[in-house]
Amino acid sequence: IVLGSNEALPCTIMEKQDTAEIQCFEGIRFTEQISTNALIDSLDDKCFALSYFQTENFTDIHLATRVGCIEKKEEKVSITLTEELLYSKNYIFHGIAGLSSNAFVLAKAVNEDQTDKDLHFQVATIKDGKIKVGHEITLLNRTNFGFFDMDK
């Protein structure tokens with residue numbers, strides 16, 4: 001669960017008869033900088049990818065990503081994170097969609113001065129705990145932001 005703008009909270013949900021038992025554990029801050037609009041999508045049954053706006057001073061804003069995996073040891077649940085990766089300058093819209101246990105799509109549209117109306121996509125891959133963001137693919141002159149509805 002993403003709490004506020006920069007914390008992830010691991011929880012377990014167990015079905016017991018006709019009710020659900022929810023247990024949450026210690027949260028983890030996924031960035032030390034100021035962040036907003038964190039989006040999350042699952043990669044497999046224990047890992048997830050995050051995309052969010054990150055800034056140190058509210059003037060130099062970037063899109064950032066990282067991957068987290070939930071670990072359960074005995075009765076304790078925790079999250080381990082990959083290094084934070086700044087993958088783009090600021091765009092007004094951004095999205096994320098998991099593809100597999102080691103790949104996800106990052107999307108963005110409409111730059112800050114609104115001169116770029118295209119949709120931009122990049123595939124991110126995870127190998128040996130590192131994220132690599134691939135070549136940008138652009139769909140020109142798109143005004144349909146359906147991806148940003150689909151990815152939530």
Side-chain angles (χ1 to χ4, degrees), residues 1-56 61-111 118-139 142-152:
I1 298 173
V2 173
L3 292 178
S5 61
N6 59 12
E7 190 169 359
L9 183 69
C11 297
T12 59
I13 301 172
M14 301 294 292
E15 182 182 355
K16 294 207 175 183
Q17 296 174 351
D18 293 336
T19 63
E21 182 180 295
I22 300 172
Q23 184 177 10
C24 294
F25 300 87
E26 186 174 342
I28 186 169
R29 189 176 174 121
F30 56 80
T31 184
E32 292 305 314
Q33 305 303 325
I34 300 163
S35 67
T36 59
N37 198 20
L39 303 176
I40 188 171
D41 203 12
S42 61
L43 301 175
D44 57 27
D45 62 350
K46 70 174 196 165
C47 295
F48 58 89
L50 290 161
S51 175
Y52 49 93
F53 294 106
Q54 186 253 55
T55 183
E56 290 185 30
I61 300 171
H62 288 86
L63 286 168
T65 189
R66 67 192 318 178
V67 169
C69 291
I70 299 170
E71 296 180 24
K72 185 173 184 181
K73 291 181 182 173
E74 297 173 13
E75 294 300 313
K76 185 171 170 97
V77 175
S78 61
I79 297 173
T80 57
L81 297 168
T82 62
E83 281 186 45
E84 181 176 64
L85 176 67
L86 302 180
Y87 68 91
S88 175
K89 289 296 240 176
N90 190 23
Y91 275 71
I92 294 172
F93 299 102
H94 73 113
I96 190 167
L99 296 175
S100 68
S101 62
N102 62 357
F104 56 98
V105 174
L106 295 164
K108 60 190 178 187
V110 187
N111 60 348
D118 303 329
L119 284 173
H120 304 279
F121 297 93
Q122 292 171 278
V123 174
T125 55
I126 307 113
K127 185 175 181 183
D128 299 326
K130 302 257 185 216
I131 299 171
K132 180 180 178 185
V133 176
H135 178 74
E136 193 170 279
I137 298 169
T138 300
L139 297 176
R142 300 294 176 179
T143 57
N144 180 340
F145 298 113
F147 179 88
F148 302 103
D149 293 329
M150 178 187 72
D151 71 328
K152 294 181 182 174

Stepwise side-chain contact (heavy atoms from CB on, under 4.5 Å) test for I40 and L50 = CA-CA 5 Å; I40 188 171; L50 290 161; 3.8 Å; yes

From [X] [atom1] over to [Y] [atom2], what is the distance, rounded to the nearest 0.5 angstrom?
{"X": "E84", "Y": "E32", "atom1": "CD", "atom2": "CD", "result": "9.0 Å"}
{"X": "F30", "Y": "N6", "atom1": "CZ", "atom2": "CG", "result": "5.5 Å"}
{"X": "T36", "Y": "I61", "atom1": "OG1", "atom2": "CD1", "result": "7.0 Å"}
{"X": "E71", "Y": "K76", "atom1": "CD", "atom2": "NZ", "result": "11.0 Å"}
{"X": "I131", "Y": "T82", "atom1": "CD1", "atom2": "OG1", "result": "3.5 Å"}
{"X": "E136", "Y": "D118", "atom1": "CD", "atom2": "CG", "result": "9.5 Å"}

Specify the closest pair of heavy atoms between [X] and [Y], including all atoms of both residues, with the distance to one decimal.
{"X": "G27", "Y": "P10", "result": "CA-CD, 4.1 Å"}
{"X": "H94", "Y": "L39", "result": "O-CD1, 3.2 Å"}
{"X": "I126", "Y": "S101", "result": "CD1-O, 4.2 Å"}
{"X": "L43", "Y": "A103", "result": "CD2-O, 3.6 Å"}
{"X": "F53", "Y": "I92", "result": "CZ-O, 3.8 Å"}
{"X": "D41", "Y": "G98", "result": "OD2-N, 2.7 Å"}

Quick one: are [X] and [Y] in side-chain contact, heavy atoms under 4.5 Å?
{"X": "N102", "Y": "T125", "answer": "no"}
{"X": "F93", "Y": "L119", "answer": "no"}
{"X": "Y91", "Y": "V110", "answer": "no"}
{"X": "I79", "Y": "F48", "answer": "yes"}
{"X": "T65", "Y": "L106", "answer": "yes"}
{"X": "Q122", "Y": "H135", "answer": "no"}

Short side-chain to backbone donor-acceptor contact, S35 and Q54, under 3.5 Å = no

Is a side-chain donor-acceptor pair under 3.5 Å present for Q33 with Y52?
-> no

With a 3.5 Å cut-off and no angle check, do the side chains of Y87 and S51 form a donor-acceptor pair?
-> yes

